[in-house]
Amino acid sequence: MEKIRILHTNDLHSHFEKFPKIKRFLNAAQQDNTVDQVYTFDAGDFMDRSNPLSDATNGHANIELMNQFNYDAVTIGNNEGISNPHEVVEHLFDYAQFPTVLANLREEDESMPKWCTSYKIFTTKKKTRIAVIGLTAPYPMTYGPNHWHVKMLGEVIPDLLTTLKGKYDILVGLTHIGVNLDSWIADKFPEFDLIVGGHTHTLLETGKWVNNTLIVQTGKWGRYVGDVNLIVDDHHKITSMKACVHETAQMAEQAQDLAESKALFEKGKQLLEREKIADLPALFADDKEEAVAVSLDAIADFAGTDLAMLSTGLFLTPFKQGIMTRFDLQTCLPHPMHVVRTTLKGSDLWRLVMEIEKNRHFLRKFHLIGMSFRGKVFGEVYYRNIQVDMKTRLVYVNGEEIDPDRYYQIATLDHYILIPFFPTLAVVGENEFLFPKVLSQVIGEYLAKKYPIKKGEVSGRK
């Protein structure tokens, strides 16, 4: 008989305030002498550029901290693979002391990325072979423009199972695809014994069984650490498998924990503050409408369009008069979103505006979570060069009534395509995702051109 313990995390999202407790818990559990072997895995979205230190270091600070967790393997989530430019991902794991498993991502030439492998086989001290396959969310709409080829799950799993046949005793999926797709895999591919998942931020306190496959996930932000205990017989077959979670808030706290997390934040802040972006005039002083207006100009300029739309909930703080740093901009616009150039026929643009106006009152205070949004409420939608008269239901572009047969281009965000409130964008829009720059970078570069810092200016507010 053999006892195996599998510890797991997912969707940490750079919540470094939880890291001291998680590190102590994992390090202690990895020394558990009541079991024969301990493995530790992470199921992706460990990085989030909304954290100043993650943004300033392109995620290398995350890797440095995660090295202390003694992971045996990790996979990536959309926040690593999509929110980062291609070149950043290529070097994200340069100093990682753990392997990255990822079976469904390829370079554009179909070669395997140098920083990952499709699977890894671990052999315990008692010779039980555990194969771990990594899978990430298959989003071709956003991976493609970032110069990756992401493969569908049903395309890669059968070939992998053929390759691995006879080479393992226990099969583990390390996935960042969400609990529904995890359940689909468990149903379609019963070869999987255990799926350690992430992406949907689902808390499965004792796991979820789909046929004979156990699916586990620990919610989000490091609030819980997952724990699976397996008993394996002398023929290397699982006889028992039980899951539980440990709440981080209930773990012992040490005096230095708060100071450590504050120090990480301050380090990121200082790094970002070194980069001065623009010298903003007095009209921006605590005026969110001015911030929205110039940002509409910025994304329209970037996309090469005359029209644009943005919502006020994106702006967590107003702009300030004086020197704007990268930290100021990141604090205001922490969302890992990308600009999209959308082409719509006039009749469809009219319908999009009607969808916005219909939902305006509802969205003004709608509490929104996910889809790369790091704020609280969606807010008001502002247009650039679009006017609407809801009494007559007429829409005007640059003062002229919209031509239903003419084609128009509008600068939007991938966020607006992903949320369900504006189906016209996703259903009939011809959408060109403009990678790799995120929203804050696009706006920052525009502000730098429009309000350049005078030569010799150093720092500080006016």
Side-chain angles (χ1 to χ4, degrees), residues 9-18 42-52 54-55 62 76-84 136-139 141-142 175-183 197-205 208 215-226 245 247-249 288 292 309-317 330-340 355-356 358-381 412-423 425-426 433 438-440:
T9 55
N10 62 268
D11 295 278
L12 294 174
H13 282 273
S14 297
H15 275 261
F16 294 147
E17 74 278 6
K18 304 290 198 310
D42 181 81
D45 270 8
F46 54 80
M47 175 188 175
D48 196 315
R49 295 196 80 104
S50 63
N51 182 288
S54 295
D55 194 36
N62 296 68
I76 72 165
N78 47 289
N79 271 274
E80 288 84 43
I82 297 172
S83 298
N84 288 312
T136 197
Y139 294 153
M141 185 170 62
T142 43
T175 71
H176 192 87
I177 59 178
V179 70
N180 289 338
L181 283 177
D182 284 335
S183 300
H199 188 48
T200 47
H201 299 180
T202 309
L203 177 61
L204 301 174
E205 294 189 34
K208 173 186 177 181
I215 300 169
V216 294
Q217 193 178 148
T218 65
K220 63 179 180 180
W221 300 355
R223 291 173 175 170
Y224 294 87
V225 175
V245 295
E247 188 176 5
T248 309
K288 187 176 281 192
V292 176
M309 59 179 282
L310 285 173
S311 49
T312 57
L314 296 168
F315 297 79
L316 305 194
T317 62
Q330 198 259 7
T331 300
C332 176
L333 295 161
H335 326 280
M337 299 176 183
H338 298 87
V339 177
V340 176
E355 289 168 355
I356 293 170
K358 172 183 177 294
N359 290 308
R360 182 177 291 278
H361 179 72
F362 171 76
L363 290 173
R364 185 176 295 138
K365 295 184 178 180
F366 179 74
H367 182 63
L368 186 62
I369 299 174
M371 318 302 181
S372 300
F373 186 65
R374 302 293 184 257
K376 293 183 178 179
V377 298
F378 182 86
E380 294 276 5
V381 175
T412 62
L413 300 175
D414 49 8
H415 171 66
Y416 298 139
I417 295 169
L418 296 173
I419 60 176
F421 303 111
F422 314 131
L425 286 173
F433 291 73
V438 294
L439 178 62
S440 61

| task | May I have the step-by-step check of side-chain hydrogen bond (donor to acceptor under 3.5 Å, both in side chains) for N62 and S14, ending in yes or no? | result | CA-CA 7 Å; N62 296 68; S14 297; 3.0 Å; yes
| task | Might you work through the side chain to side chain contact (heavy atoms under 4.5 Å, CB included) test for H13 and H201, ending with a clear yes or no? | result | CA-CA 11 Å; H13 282 273; H201 299 180; 3.3 Å; yes
| request: Under the side chain to side chain contact (heavy atoms under 4.5 Å, CB included) rule, what do L316 and T331 come out as? Steps first, then yes or no, please. | output: CA-CA 7 Å; L316 305 194; T331 300; over 6 Å; no
| Run the side chain to side chain contact (heavy atoms under 4.5 Å, CB included) check on L310 and T412 step by step: do they pass? | CA-CA 7 Å; L310 285 173; T412 62; over 6 Å; no
| query | Where do L12 and K18 land on the side chain to side chain contact (heavy atoms under 4.5 Å, CB included) test, with the steps shown first? | reply | CA-CA 9 Å; L12 294 174; K18 304 290 198 310; over 6 Å; no
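Residues H335 and F373 bring their aromatic ring centres within 6.0 Å.
No hydrogens or angles considered: a donor-acceptor pair under 3.5 Å links the side chains of H176 and D45. For the residue pair S311 / Y416, a side-chain donor-acceptor distance below 3.5 Å is found, with atom types taken as modelled. In the model, K208 has a side-chain atom that pairs as donor or acceptor with a side-chain atom of S183 under 3.5 Å.
Ring orientation note: the planes of W221 and H15 are close to parallel, at an angle under 30° on the 30°/60° scale. Aromatic ring orientation, F421 versus F366: perpendicular (interplanar angle above 60°, classes split at 30° and 60°).
From T200, atom OG1 reaches atom CG of D11 across 7.5 Å, with rounding to the nearest 0.5 Å. The line from CD of Q330 to CZ of R374 is 11.0 Å long, rounded to the nearest 0.5 Å. Summarising the geometry, atom CD1 belonging to I177 is positioned 9.0 Å from atom OG1 belonging to T136; distances are rounded to the nearest 0.5 Å. For the atom pair N79 CG and N84 CG, the distance stands at 8.0 Å (nearest 0.5 Å). In this structure, CD1 on I417 lies 4.0 Å from CZ on F433, to the nearest 0.5 angstrom. Taking CE from M141 and CD1 from I82, the interatomic distance works out to 8.5 Å, rounded to the nearest 0.5 Å.
A donor-acceptor contact shorter than 3.5 Å links the side chain of K288 to the backbone of F315. Side chain of Q217 to backbone of L203: no donor-acceptor contact under 3.5 angstrom is found. Although no hydrogens or angles enter the test, the distance criterion places a donor-acceptor pair under 3.5 Å between the side chain of T248 and the main chain of G222.
Nearest heavy-atom pair, V225 versus T218, reported as atom, atom and distance to 0.1 Å: C-CG2, 4.0 Å. Among all heavy-atom pairs drawn from D48 and S54, the shortest one is O-CB, 3.4 Å. Contact between N359 and E355 at its shortest, heavy atoms only, is ND2-O, 2.9 Å. Summarising the geometry of L314 relative to L333, their closest heavy-atom pair is O-CD2, 3.4 Å, with the distance given to 0.1 Å. Here the closest heavy-atom approach between residue E380 and residue R360 is recorded as OE1-NH1, 3.0 Å. Annotation for F378 and L363: closest pair CB-O, 3.4 Å, computed over non-hydrogen atoms.
For the pair H338/L413, no side-chain contact is recorded, criterion being any heavy-atom separation below 4.5 Å from C-beta on. Between L204 and V179, some side-chain heavy-atom pair lies under the 4.5 Å cut-off. Side-chain atoms of I215 and D182, non-hydrogen and from C-beta on, do get closer than 4.5 Å to each other. The shortest distance between side-chain heavy atoms of H199 and N78 falls below 4.5 Å.
Salt-bridge check for E247 with R223: failed, with every basic side-chain N at 4.0 Å or more from each acidic carboxylate O.
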